[in-house]
Asker: 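Right, I'll just put the structure down here and ask away after.
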Protein chains: 2
Amino acid sequence: MQYIQLRERVKSAVMFKAPVPRYAALKTYVCEQIEKGKWQPNDKIPSETSLAETFGISRMTANRAIRELTDEGRLIRIAGVGTFVLPPKVRGTILEIRSISEEIIARGHIHSSRLLTIEKMEASAFVARSLELEEGAEIFHAVFVHFENDEPVQLENRFVNPAAAPDFLSLDFTNRTPSDYLLGRLPVTEIEQTIEARLPSKQEAAHLAIDLAEPCLVLERTSRTGQMVVTHVRLVHPGKRMTLGGRNSFDNTPSIG
Amino acid sequence: MQYIQLRERVKSAVMFKAPVPRYAALKTYVCEQIEKGKWQPNDKIPSETSLAETFGISRMTANRAIRELTDEGRLIRIAGVGTFVLPPKVRGTILEIRSISEEIIARGHIHSSRLLTIEKMEASAFVARSLELEEGAEIFHAVFVHFENDEPVQLENRFVNPAAAPDFLSLDFTNRTPSDYLLGRLPVTEIEQTIEARLPSKQEAAHLAIDLAEPCLVLERTSRTGQMVVTHVRLVHPGKRMTLGGRNSFDNTPSIG
DNA sequence: TAGTGGTCTAGACCACCCA
DNA sequence: GGGTGGTCTAGACCACTAA
């Protein structure tokens with residue numbers, strides 16, 4: 001078996017260095033050709049068979065390398081035709097928004113929250129539309145204020161579909177945010193959200209202890225599990241005290257969005 | 001070869017239905033066990049060998065199924081120990097932000113932009129820090145206003161690292177936004193951004209034709225290609241006229257962030 | 001030592017596409 | 001019909017872990 005011999009030869013050559021799997025080596029090689037511009041976007045690259053031959057590896061191994069690059073969005077394969085270099089993905093810029101408690105803790109500060117309201121109510125037109133229920137349907141509603149070192153930084157106005165969390169009203173939210181609870185209970189498969197800047201309502205200003213002229217960052221998010229809307233939340237942040245931030249790498253996998 | 005016979009049997013049984021690859025069938029099976037709660041988070045699942053036997057498939061095929069589920073973040077494998085169900089990932093919520101022109105066109109409106117300034121300048125302390133250059137280093141600076149149906153909706157204040165785009169000053173931005181140009185030229189591998197709500201400066205208000213008391217959504221983004229900071233941009237949106245939105249599915253691949 | 005995953009091979013059959 | 005990718009097999013050697 002040629003493979004064993006080669007493996008041994010490599011081993012002794014590089015001495016105790018971690019051996020790079022052959023499919024990984026091929027992946028690296030292909031990426032290099034693309035990055036060097038040797039293989040341009042939309043170019044056809046050598047076939048599996050040909051790559052396997054020139055690298056002295058089996059077709060299955062070459063297949064794995066190429067398949068993984070395909071899964072990673074760098075190549076596209078068409079059976080019966082060939083494999084082609086995919087143009088770099090033009091993708092929307094992505095902002096990752098951490099949960100409020102994570103965000104605050106990451107800053108080295110103390111997070112706490114106060115439950116202002118928790119109730120069963122009839123869905124208003126707006127809420128009904130968000131939760132995809134009939135107007136007047138029974139829903140759960142909760143309002144929290146989140147504090148960073150005793151300073152209010154987020155007003156959380158949450159509407160919950162009772163079908164998704166029948167026991168919502170009887171939960172203890174002293175040690176767990178509703179978001180944590182809902183996420184742990186149901187796998188959210190889709191979110192839809194918007195961010196806007198606006199002035200606070202009188203009530204919002206009062207709860208956040210800010211001026212009526214203080215611009216606020218308002219995030220509205222609808223979360224779905226499969227077809228069902230689980231919850232809709234409105235998060236109001238005083239502009240002075242809160243900035244949403246994020247950092248994203250695009251090294252490997254694309255996908256999402 | 002048993003495989004051939006089976007394949008044929010299946011074919012005749014289901015008639016011309018698309019045949020499901022055996023690794024895919026195993027993936028489905030494993031996911032079902034997890035979703036049904038039969039296999040709980042942190043449970044050990046049967047070994048490759050065992051799965052291959054009970055499904056009557058080869059170990060390589062079982063390996064592909066399990067490996068893909070591992071890549072998708074549903075399982076974790078430890079060589080010499082076993083394969084385990086991974087708890088559902090707690091991930092930060094993600095907001096996808098489309099480019100301004102895409103966003104506007106998607107709304108069925110007309111996008112246009114006006115170049116206000118394009119110049120070579122010395123980096124201020126803030127800009128130098130953003131671009132990771134020395135204070136006073138030579139950089140490029142451009143200011144655009146973007147319009148949606150002739151109404152200003154975004155003020156783009158962009159700082160460019162000359163090392164990344166030496167020809168930036170001589171480009172024609174009538175048909176292409178600087179963002180399109182830079183993204184097409186260099187593969188951005190990392191971004192860091194923040195969103196905040198604040199009042200506009202006098203200048204910003206003038207360019208956007210808004211009141212000084214109108215809250216604005218301000219997005220600051222630093223883009224890197226490898227180690228080098230390519231560009232830093234500040235995007236100011238009048239709160240009245242602009243909302244950033246996004247929709248994300250989390251069906252398959254996790255990753256990113 | 002027995003079991004696990006990690007990797008690899010040298011074949012194979014298939015559907016598909018293009019000339 | 002010859003080339004392409006898509007899938008599958010029945011073995012194999014390895015490093016690692018746990019009993």
Side-chain angles (χ1 to χ4, degrees), chain A residues 1-12 14-28 30 43-71 74-86, chain B residues 1-12 14-28 30 43-71 74-86:
Chain A
M1 228 149 270
Q2 186 195 354
Y3 156 56
I4 306 302
Q5 294 163 18
L6 230 166
R7 183 92 161 204
E8 284 312 311
R9 236 184 295 152
V10 169
K11 229 187 211 166
S12 49
V14 224
M15 293 293 278
F16 299 94
K17 203 186 162 185
V20 174
R22 295 150 90 103
Y23 73 87
L26 179 51
K27 282 180 71 173
T28 305
V30 172
D43 275 4
K44 183 174 174 174
I45 76 167
S47 73
E48 264 182 32
T49 321
S50 148
L51 285 171
E53 261 177 32
T54 65
F55 272 74
I57 61 182
S58 80
R59 206 195 127 200
M60 269 303 273
T61 303
N63 176 276
R64 174 165 176 186
I66 302 303
R67 178 160 36 80
E68 289 191 0
L69 289 174
T70 304
D71 291 342
R74 292 167 184 271
L75 302 174
I76 184 169
R77 319 196 74 182
I78 305 174
V81 183
T83 303
F84 304 85
V85 177
L86 223 44
Chain B
M1 225 151 269
Q2 184 197 355
Y3 155 55
I4 306 301
Q5 295 163 13
L6 231 167
R7 184 92 161 203
E8 286 311 312
R9 238 186 292 150
V10 169
K11 229 187 210 166
S12 49
V14 225
M15 294 291 278
F16 298 94
K17 204 184 160 184
V20 174
R22 293 150 91 103
Y23 74 87
L26 179 51
K27 283 180 72 173
T28 305
V30 172
D43 275 5
K44 182 174 176 177
I45 75 168
S47 72
E48 263 182 32
T49 321
S50 146
L51 284 171
E53 261 176 31
T54 65
F55 273 74
I57 61 182
S58 81
R59 205 195 127 200
M60 268 303 273
T61 303
N63 176 276
R64 175 164 174 187
I66 302 304
R67 178 160 35 79
E68 289 192 1
L69 288 174
T70 304
D71 291 342
R74 294 169 183 271
L75 301 175
I76 184 170
R77 318 195 74 182
I78 305 173
V81 182
T83 303
F84 304 84
V85 177
L86 221 45

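Labels below follow one simple rule: chain letters A, B, ... track the order of the sequence lines, proteins then strands, and each chain is numbered from 1.
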Asker: Please report the interatomic distance CG(B:L69) to OG1(B:T28), rounded to the nearest 0.5 Å.
Answerer: 9.0 Å
Asker: Does a side-chain N or O of B:R22 approach OP1 or OP2 of D:dG6 to a distance below 4.0 Å, or not?
Answerer: no
Asker: Would you say the side chain of A:T61 lies within less than 4.5 Å of the side chain of A:L26, judging by non-hydrogen atoms?
Answerer: no
Asker: Could you tell me which non-hydrogen atom of A:E48 sits nearest to which non-hydrogen atom of A:A62, and how far apart they are?
Answerer: O-CB, 4.0 Å
Asker: State which residue, out of B:T70, B:D71, B:N63, fulfils the side chain to side chain donor-acceptor pair (under 3.5 Å) condition with B:R67.
Answerer: B:N63
Asker: Could you state the interatomic distance from CZ (B:R64) to CZ (A:R64), rounded to the nearest 0.5 Å?
Answerer: 10.0 Å
Asker: Assign B:R59 to base, sugar-phosphate, or nothing according to its heavy-atom contacts below 4.0 angstrom with the strands shown.
Answerer: base
Asker: Atom OH of A:Y23 to atom P of C:dG6: distance rounded to whole Å?
Answerer: 9 Å
Asker: Using whole Å, report how far CZ of A:F55 lies from C1' of C:dA10.
Answerer: 19 Å
Asker: Just the rounded figure in Å: distance from P of D:dT9 to CE of A:M60.
Answerer: 10 Å
Asker: Tell me the interatomic distance from A:N63, atom CG, to D:dT9, atom C1', rounded to whole angstroms.
Answerer: 14 Å
Asker: Can you measure A:E53 atom CD to C:dC8 atom P for me and round it to whole angstrom units?
Answerer: 18 Å
Asker: Give the rounded distance in Å between these two atoms: CZ of A:R67 and C1' of C:dC8.
Answerer: 14 Å
Asker: What nitrogen or oxygen pairs link the protein and nucleotides 2-4 of chain D at under 3.5 Å?
Answerer:
unit_1	atom_1	unit_2	atom_2	d
D:dG3	N2	A:G80	O	3.2
D:dT4	O2	A:G80	N	2.9

Asker: To the closest 0.5 Å, what do you measure between CD (A:E68) and CG (A:L75)?
Answerer: 11.5 Å
Asker: Check whether any side-chain N or O of B:R22 sits under 3.5 Å from a backbone N or O of B:G56 as a donor-acceptor pair, and report yes or no.
Answerer: yes
Asker: Once rounded to the nearest 0.5 Å, what's the spacing between atom CZ of A:R59 and atom OG of A:S47?
Answerer: 8.5 Å
Asker: Nearest-Å distance, CG (B:L69) to C1' (C:dG6)?
Answerer: 17 Å
Asker: Within this structure, what is the CZ-to-P distance between B:R64 and D:dG6, rounded to whole angstrom?
Answerer: 9 Å
Asker: Please round to 10 degrees the angle between the axis of the first five pairs and the axis of the last five pairs in the helix from C:dT1-D:dA18 to C:dC18-D:dG1.
Answerer: 0°
